[in-house]
Student: 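Supplied in structure tokens, the structure appears directly below.
The chains referred to below are lettered A, B, ... by the order of the sequence lines, with proteins before strands, and numbering in each begins at 1. All figures in this text were calculated on a predicted structure; none of them were measured in a lab.
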2 protein chains.
Amino acid sequence: MTAVAANHAILTRSDAAGFESSLFRGGDHNRASNAGDHTNAIQLGGREDLFLEGDEATHVYEVTEGVVCLYRIMPDGNRHILAFRFPGDIVGLCSPATYGYNAQAVGDTRVRRISRAGLERMIDERSDFARRLLRMATAELNAMRDHLTCLASKSAEAKVADFLLMLAGRSTARAGNAVVVNLPMTRTDIGDYLGLTIETVSRTISKLRRTGVIDLPRTTQVVVRSTGRLAELAGAA
Amino acid sequence: MTAVAANHAILTRSDAAGFESSLFRGGDHNRASNAGDHTNAIQLGGREDLFLEGDEATHVYEVTEGVVCLYRIMPDGNRHILAFRFPGDIVGLCSPATYGYNAQAVGDTRVRRISRAGLERMIDERSDFARRLLRMATAELNAMRDHLTCLASKSAEAKVADFLLMLAGRSTARAGNAVVVNLPMTRTDIGDYLGLTIETVSRTISKLRRTGVIDLPRTTQVVVRSTGRLAELAGAA
DNA sequence: CGGGGGGTTGAAAACCGTCAACCCAGGTGG
DNA sequence: CCACCTGGGTTGACGGTTTTCAACCCCCCG
């Protein structure tokens, strides 16, 4: 229900394996532009896709700066955001040969690229690495379970409150007793993440502001005045 | 959106580590009764808990027969089912020291018990085992993502259709062109899994029957007459 | 200055949850 | 043998919440 403990920089070894530009195919989408880099650090602008559903899963990425969202486009054209990934999180760990979802930078973002082959090699060479990787996968499972629990909540208010609590748990910025939370994502992103429309998201945030639970200095910044009341709204109906 | 490929019997090595009866604490719940067994095979009756949220995660289980559901009790008393686990699936793989959810047998069920310590040992000794374990974790992630996608669907019809498709994907029983699907779980279980009320689940199933998409010989058995139309309902609208 | 993306707010409608009644099967006990 | 009870399931009516459709605002940028 709440945020998972951050596990920073678990992957530290650099990897200099060959570079396939096919990783950054974009279709109608924006594309990562610095595909010619020789380092494994990649910089992405807003709405640039890191990889697409169906791409060969040759690499895994660690977010080092910014936010990445994992999403799917449904048959009816609707977009559903499966997860947001923050610095320290891993993106692209999947069992089959191809990715099962798209990954896109929400704003300006930096990621570190690790080849799948290198990953396998390290698993063979160092068993503690395998355990750490497994721990990261289970951490992702925990986060996913919390998201599931959040989506199963009936009311829109509970969903939004839970979402803000997750962000507040990641934020270190304080203003007195209040927690300052930046929203790099748009209302549309939040709606697609919570299974709500933008209007409902906007209305719910407005209601939280009216009732004094949060403050809204800018549309992209929320100040949580009372995490307690927010938790009540998230937990009980 | 659809069922994950079954990965049967990935864990084959038996494990004879010591047995802690504290695993089966039950509180007000039913309890697994054969805790004195000396084998690692465990038989469970309906509504028996395998472990509870907060229990020390000393073991991992492989379902060999029947269905296990993973669930949480929300602060407001509501139950939310995170997943159903079928034969071949693994239950209880988690990163922290304690389970983050409850696990309960839906009907008569058999599971195989593997100690966490034995798991770690095998990871150290055999790197291919680590990879298999990682693959299982990512398979679980895939299933969870599909569930998320399902829950984010706006309409109840789409959710139920998606749920039936998942079960149909696991079923091998055919009746002509139709797929026969057994429902070991109750309507309440389905509702708690999909974030719907029993009434809505019942009404939606009735509607699918009226429109000829499915047949309902018994309340515990669904015959999918047209997987195509079911997929349309699950995807679009 | 005009246009577009993102956000907010209002009114109406559709959908789902709530409350309630009823049915059915199986088990228990008189 | 039957009456009774209980758990699970279905169906109806009503009300609340969210979606839909729409208008409007604001800011940034060409």
Student: To the nearest Å, how far apart are A/D192 CG and D/dT18 C1'?
Tutor: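 Rounding to the nearest Å, CG of A/D192 and C1' of D/dT18 are 16 Å apart.
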Student: So what does A/R218 touch, heavy atoms closer than 4.0 Å: a base, only the sugar-phosphate, or nothing?
Tutor: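 Since no nucleic acid heavy atom lies under 4.0 Å of A/R218, the category is nothing.
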Student: Starting from P on C/dT9, measure out to CD1 on A/I205 and report it in whole angstrom.
Tutor: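 To the nearest whole Å, that distance equals 11 Å.
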Student: Between B/Y193 and B/F163, how do the two ring planes meet: parallel, tilted or perpendicular, split at 30° and 60°?
Tutor: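 Judged by the thresholds at 30° and 60°, the geometry between B/Y193 and B/F163 is tilted.
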Student: Could you give the CG-to-P distance, from B/N78 to C/dG17, as a whole number of Å?
Tutor: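 These atoms are roughly 11 Å apart.
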Student: Does any non-hydrogen side-chain atom of B/Y71 lie less than 4.5 Å from one of B/D189?
Tutor: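 They are not in contact (no side-chain heavy atoms under 4.5 Å apart), so the answer is no.
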Student: Give a yes/no answer on whether the side chain of A/R187 brings an N or O atom under 4.0 Å of OP1 or OP2 in C/dT8.
Tutor: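 True: A/R187 side-chain N/O within range (under 4.0 Å) of C/dT8 OP1/OP2.
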Student: Which nucleotide in the list D/dG8, D/dT11, C/dC16 gets nearest to the side chain of B/T200?
Tutor: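 For B/T200, the side-chain atoms sit closest to C/dC16.
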Student: Could a donor-acceptor pair under 3.5 angstrom be found where the side chain of B/E199 meets the base of C/dC16?
Tutor: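 In this structure, the two groups form no donor-acceptor pair.
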Student: Within the structure shown, what part of the strands sits under 4.0 Å from A/G191 by heavy-atom distance: base, sugar-phosphate, or nothing?
Tutor: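 Counting heavy atoms under 4.0 Å across all strands, no contact is made by A/G191.
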Student: A/T197 side chain N/O closer than 4.0 Å to the phosphate oxygens (OP1, OP2) of D/dT20?
Tutor: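 Answer is no, no contact under 4.0 Å.
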Student: Considering only heavy atoms from C-beta outward, does the side chain of B/V201 approach that of B/T204 to under 4.5 Å?
Tutor: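 A side-chain contact is absent here, since even the closest heavy-atom pair is not under 4.5 Å.
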Student: Check the distance between C/dG7's C1' and A/L183's CG and give it to me in whole angstrom.
Tutor: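 For the pair A/L183 CG and C/dG7 C1', the rounded distance is 13 Å.
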Student: Closer to the 5' end of DNA chain C via nearest nucleotide, is it B/E157 or A/V201?
Tutor: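 Its nearest nucleotide lies further toward 5', so the answer is A/V201.
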Student: Could you tell me how far apart A/L151 (CG) and D/dT18 (C1') are, to the nearest whole angstrom?
Tutor: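 In whole Å, D/dT18 C1' and A/L151 CG are 15 Å from each other.
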Student: Using a 4.0 Å heavy-atom cut-off across all strands, classify A/I198 as base, sugar-phosphate, or nothing.
Tutor: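 No contact.
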Student: Expressed as a whole number of angstroms, how long is the span from A/L208:CG to C/dG7:C1'?
Tutor: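 In whole Å, C/dG7 C1' and A/L208 CG are 16 Å from each other.
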Student: At under 4.0 Å, does any side-chain N or O of B/R203 touch on OP1 or OP2 of D/dA13?
Tutor: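 For B/R203, the contact criterion (side-chain N or O under 4.0 Å from OP1 or OP2 of D/dA13) is not met.
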Student: Taking the side chain as C-beta and beyond, is there a heavy-atom pair between A/M185 and A/I81 under 4.5 Å?
Tutor: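 A side-chain contact is absent here, since even the closest heavy-atom pair is not under 4.5 Å.
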Student: Does C/dG7 have its OP1 or OP2 closer than 4.0 Å to a side-chain nitrogen or oxygen of A/T219?
Tutor: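 Negative; the distance criterion is not met.
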Student: According to a strict under-4.0 Å criterion, is A/S202 in side-chain N/O contact with OP1 or OP2 of C/dG7?
Tutor: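 Result: no.
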Student: Please check: side-chain N/O of B/T109 versus main-chain N/O of B/G107, any donor-acceptor pairing under 3.5 Å?
Tutor: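 Side chain of B/T109 to backbone of B/G107, a donor-acceptor pair under 3.5 Å: yes, one is there.
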Student: In this structure, how many angstroms lie between the P atom of D/dG8 and the CE atom of B/M185, rounded?
Tutor: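 The answer, rounded to whole Å, is 15 Å.
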Student: Whole Å only: how far is the CG atom of A/L216 from the P atom of C/dG6?
Tutor: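 It works out to 17 Å between those atoms.
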Student: Does B/I190 reach a base, just sugar-phosphate, or nothing at all? Heavy atoms under 4.0 Å.
Tutor: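 Touches nothing.
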